Every structure is written in C-alpha cells, then in structure tokens.
Amino acid sequence: MAQYTTRISFVLILVIINETSFARICNSSGEHWQSRIGLLVSPIISRSKIREIEIYWNNVNIEPGDKISLFEENSSGDQREIYTVVPNSFSGVEKTGVLAEFIPSSNLSFAKRCTKYSVRWWADKEIKDTKCLGTQPTWMKERKDILGPLKMKQIFLPGTHDSASYNENDDRASIVSDFAVTQDLDILGQLIHGVRYLDIRVGRYRETNEIWWTNHGPLYRSVSLKTVIDQVKKFLDNTEEIVIIDIREFPIGFNNMSDHHALATYLEDEFRDYYLPNNYGWGTTLNEIWSSGKRLIIGYENMRIVNSHSSMWPYVLHQWGNVQSTEQLFRYLDKIETSDGDSATRPRSAMAEMTADLTYILFNGLTSLRDMAHKVNLNVTNWYSTVWQYSANIVAVDFLRSTDIVEIAIESNENRHLHCRY
Ligand SMILES: *[C@@H]1O[C@H](CO)[C@@H](O)[C@H](O)[C@H]1NC(C)=O
Ligand SMILES: *[C@@H]1O[C@H](CO)[C@@H](O)[C@H](O)[C@H]1NC(C)=O
Ligand SMILES: *[C@@H]1O[C@H](CO)[C@@H](O)[C@H](O)[C@H]1NC(C)=O
Ligand SMILES: *[C@@H]1O[C@H](CO)[C@@H](O)[C@H](O)[C@H]1NC(C)=O
Ligand SMILES: *[C@@H]1O[C@H](CO)[C@@H](O)[C@H](O)[C@H]1NC(C)=O
C-alpha cells in the first residue's frame with residue numbers, strides 16, 4: 001500500500017513539473033498571452049530618416065522599476081544602452097530615432113547573425129527578456145525534428161506580398177512607385193531574414209532583351225525575373241531551407257497559353273536542378289522534401305500549366321480582405337483564421353495588408369504603401385503572436401521588418417509542437 005501511494009505521488013509530481021514547464025513556454029490559455037518584446041524597422045522614409053528602429057512590447061507585465069531599452073554593441077562586444085522607455089501600459093511601441101544601417105544582401109551571411117542592436121526588458125538587477133535585430137537564414141533546418149513530419153499546410157510560414165516590388169534605398173521615382181513598392185529588402189535579403197514564401201507577379205515585355213520582368217500591376221515594372229531567380233538559387237545553394245516561389249497574376253503581356261508555356265519552360269530551364277516535381281503534391285512532408293534533395297516548390301497560377309508541366313504546382317490560395325482599415329483587416333483575418341472550413345491540402349496565404357483605395361488614401365493623408373504598412377504591421381504582429389498563432393499558415397506581409405512575423409512564426413511552430421494550445 002505504501003508503495004502504491006509513492007507511485008501515485010511520483011506520477012503527480014511528474015504531471016506538475018510538466019504543466020509548469022509548459023505553462024512557462026506557452027501560457028496561451030484565456031487572456032494570458034505570452035509576453036513579447038521585439039525590434040521593428042520602420043518603412044517610413046522622411047528627409048532625415050530611413051530604417052528607423054522601433055521597439056515594441058505586448059502583454060508585458062510591467063512592474064515598478066521595469067524599463068525597455070535599445071542596446072548597441074560595439075566591436076569589442078560591449079553593450080551600451082542608447083534609448084530607454086518606461087512603459088505605462090502592457091502594450092506599446094516607441095520610435096527610437098536610431099537608424100539601422102543598410103546592409104546589401106550580398107554582404108549578409110548564410111549563418112544566423114544578430115546586428116549590433118538589441119532590445120532588453122529589464123529592471124536594475126534583472127534582465128527579464130531580450131531580443132536582437134538579426135537574420136534567420138537557417139530556421140527551418142535548425143528545427144528539422146519538429147517540422148520534418150509536417151506538411152506545408154501545417155506550418156506557420158512567413159511570406160511577403162508582391163515580393164519582387166522592392167526598393168532598398170530611397171530612390172523614389174513617382175506616385176506609381178509609392179503605391180507599388182511593397183518591400184525594402186531584395187529577394188535574397190528577404191530569404192536570409194526568414195521569408196520562405198515568395199509572391200512573384202510576372203510580366204512579359206516583348207520589346208526588351210530580358211522579356212520576363214516582375215511587376216506590381218501592369219504599370220509598375222520592378223526587377224527582371226532573372227534577378228529573382230538568381231537570388232533564389234543563391235539562397236538554396238547556401239542553405240538547406242525549403243522555399244515556395246508562387247508565380248502569379250501575369251499583369252502584362254500574357255495574351256494566350258503560348259505565353260504561359262514559354263514562361264513555364266523558361267522557369268524549368270532556370271530551376272532545372274532545384275525544383276521538386278508536382279507529383280509529390282502538397283500532402284508531402286518536409287522530411288520527404290528534404291530527402292528528395294530538391295527544396296524549391298514553384299507554384300503557378302494557371303491550372304492548365306500545372307496540368308501540363310510537372311515542374312509547376314497548384315498555386316497557393318491567396319486570402320484577400322480588400323479592406324481599408326485596421327478594424328476591417330482584423331475582422332477579415334479573424335474570419336479566415338477561425339473558420340475550419342478549409343480542408344484543402346494546398347497551403348493558403350493570409351494577405352495581411354490593406355488595399356490602396358483612393359478615397360481612403362486621400363481622407364487619411366496616407367502618401368504611400370509604406371504609410372499603410374506602418375499603420376497595420378504592429379497590429380498584424382500582435383495578432384499573429386497571440387490569437388492566431390495556432391491557426392496561421394502562410395502570412396504574407398508588406399515591408400517584412402516592420403513586422404516581427406519571422407520570429408513569431410518560428411516561436412509559434414515551436415509552441416504548436418509543444419501542444420501549448422490546450
Ligand atoms: C499564465 O496564465 C495564468 C492564467 O491562465 C495567469 O494567472 C498567469 O499569470 C500567467 N503567467 C504568466 C507568466 O504570464
Ligand atoms: C567598447 O565599449 C567599452 C565600454 O564602453 C570600451 O571600454 C571599449 O573601448 C569599446 N570598444 C571599442 C572598440 O570602441
Ligand atoms: C560589403 O562588403 C564589401 C566587401 O567585403 C565591403 O567592401 C563593403 O564595405 C560592405 N558594405 C557594407 C555596407 O557592409
Ligand atoms: C499568342 O499571342 C502572341 C502575341 O499576341 C501572338 O504572336 C501569337 O501568335 C499567339 N499565339 C497563338 C497560338 O495564338
Ligand atoms: C492596432 O494597434 C494600435 C496600437 O497598438 C491599437 O491602439 C489598436 O487598438 C489596434 N487595433 C486593432 C483593431 O487591434
């Protein structure tokens with residue numbers, strides 16, 4: 001009998017230990033979401049500012065004496081506090097006036113790095129949390145054990161909207177580019193920062209030598225498709241990550257199926273050593289993808305092409321709210337993230353941005369997609385790190401680093417693995 005009692009209490013202790021260790025990591029039940037702090041890079045450009053660093057905090061239980069600070073590390077590794085805020089509420093954001101330097105993607109490493117900037121939530125004697133502004137070039141492979149058995153549909157994947165419409169420096173050309181540029185990192189930079197879903201809109205220009213270009217709508221032509229292809233290959237050559245490139249919209253120069261066949265053939269030639277054939281299908285697990293030795297999935301938004309080219313996969317479902325306010329965006333995303341109607345095996349992408357509508361733009365004094373992204377990106381960050389962290393699949397954002405979506409996706413995938421939800 002004594003032995004029996006001992007065994008029971010032993011089991012009880014195990015359960016208690018498990019619950020507390022999980023509770024510390026997840027604690028996502030009810031209103032008590034995980035607290036988080038982080039760094040954002042503002043998309044707003046003014047005469048004196050570009051890439052201003054912002055610090056944010058959410059659900060942080062502020063105690064007397066707590067502060068949140070931006071730290072800068074010098075070349076001998078010493079940390080210096082350069083900006084501090086004493087929060088007066090549990091969520092907030094603060095512009096720091098500190099400008100992140102521009103690092104061309106060709107100078108970024110394929111190993112995970114922190115920049116010299118970090119944010120710290122601390123009291124005099126205690127560091128409560130800290131995060132650095134950095135890259136995530138290897139996050140999938142690092143988590144092969146938890147991601148390997150899953151399908152793309154079951155993973156929270158950071159993506160970008162209209163990925164190739166980028167402008168890394170402030171060479172603003174026109175009102176068209178103000179409402180066309182969606183990113184401030186090139187494709188390689190996005191991938192090194194953690195993006196694994198690329199939304200590429202291709203136009204065909206017969207009068208140019210290049211022929212294939214990337215576009216945002218028919219009016220805005222960005223970089224050549226070859227530029228995008230070369231950067232994707234460079235990333236795949238230097239990592240073991242898995243990437244989806246989704247070829248879509250064809251806003252100009254596509255008159256008939258022969259244009260599509262020509263593009264599909266061009267992509268096949270360029271990506272010959274990289275793409276996974278579509279007979280694997282979206283039901284494939286990441287482990288199967290890794291075992292195949294091919295880590296590129298090419299989606300194509302035309303089913304006749306998918307049916308006639310084994311290189312082209314059924315395209316990702318884009319979920320667009322076409323909304324003009326943060327509240328409407330919340331309602332739309334909440335609807336798609338909480339409906340369980342979507343049983344398809346192909347992935348879906350929540351398009352987490354507002355749509356430019358002339359009336360809305362004029363009445364709200366917005367002057368570019370940069371303003372619109374700045375208005376919603378912190379909200380998107382906070383929503384996806386709390387209420388929708390278990391439902392999210394692909395989330396495609398504008399101006400990647402003004403969200404914290406990469407860090408959130410990584411942590412959510414870990415939380416899912418730990419079954420934090422219940
Ligand atoms: C975890 O959640 C419980 C209630 O669900 C709450 O009382 C507790 O303060 C939370 N802990 C942390 C560390 O947030
Ligand atoms: C880094 O900061 C420390 C402490 O302020 C200082 O002693 C050191 O000289 C600095 N190193 C460089 C290379 O500036
Ligand atoms: C990029 O790398 C090159 C060559 O190593 C170097 O000369 C240059 O200063 C670097 N640029 C930046 C902005 O880091
Ligand atoms: C497709 O359109 C192009 C350009 O408009 C034209 O040159 C070509 O003949 C068309 N091909 C077919 C099969 O209709
Ligand atoms: C968006 O974020 C702002 C600033 O944190 C907040 O005041 C606002 O309530 C949020 N909007 C929604 C719809 O969640």
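Being a predicted model, the structure only gives us computed values, none of them experimental. Just so you know, ligand 1 is whichever comes first in the structure, and atom 1 is the first atom listed for that ligand. Just so you know, residue 1 is the first one in the sequence shown, and it goes up from there.
- In terms of protein heavy atoms, atom 3 (C) of ligand 2 is closest to Asp78 OD2, 3.3 Å.
- Tested against His260, the residues Tyr266, Trp212, Tyr300 include a single ring pair (Phe, Tyr, Trp, His ring centres under 6.0 Å) partner, Tyr300.
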Kindly determine whether Glu240 and Lys144 satisfy salt bridge (Lys or Arg N to Asp or Glu O under 4.0 Å), including the steps that lead there.
-> CA-CA 10 Å; Glu240 293 178 62; Lys144 191 169 194 275; over 6 Å; no
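- In this structure, Trp122 has its ring center closer than 6.0 angstrom to the ring center of Phe71.
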Stepwise side chain to side chain donor-acceptor pair (under 3.5 Å) check, Asp162 with Thr182 = CA-CA 7 Å; Asp162 214 318; Thr182 52; 4.9 Å; no
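- Here the two rings, on Trp213 and Tyr220, have centers that are 6.0 Å apart or farther.
- With respect to atom 14 (O) of ligand 2, the closest heavy atom belonging to the protein is Asn74 ND2, 3.5 Å.
- Listed by number with element, the atoms of ligand 4 under 4.0 angstrom from any heavy atom of Ser258 are 1 (C), 11 (N).
- When non-hydrogen atoms are compared, ligand 4 lies under 4.0 Å from the side chain of Arg206 (C-beta onward) but not from its backbone.
- The environment of Lys294 atom NZ is dense: over 12 non-hydrogen atoms of other residues, nucleotides or ligands sit within 6.0 angstrom.
- Crowding of Lys151 atom NZ: a count of heavy atoms from other residues, nucleotides or ligands under 6.0 Å not exceeding 12.
- Taking atom 2 (O) of ligand 4 as the reference point, the nearest protein heavy-atom neighbour is Asn256 ND2, 2.4 Å.
- In this structure, atom 9 (O) of ligand 4 has no protein heavy-atom contact shorter than 4.0 Å.
- Under a 4.0 Å heavy-atom criterion, Met257 is not in contact with ligand 4.
- Remark: ligand 2 and Ser76 share an N or O pair separated by less than 3.5 Å (distance only, no angle test).
- Given atom 5 (O) of ligand 5, the protein heavy atom at minimum distance is Leu378 CD2, 4.1 Å.
- The protein non-hydrogen atom at the shortest distance from atom 13 (C) of ligand 2 is Ser75 OG, 3.2 Å.
- From the protein, the heavy atom lying nearest to atom 1 (C) of ligand 5 is Asn379 ND2, 1.5 Å.
- Within the 6.0 Å centre-distance limit, the rings of His161 and Trp320 are counted as a close aromatic pair.
- Annotation: atom 4 (C) of ligand 4 to nearest protein heavy atom, Asn255 ND2, 3.4 Å.
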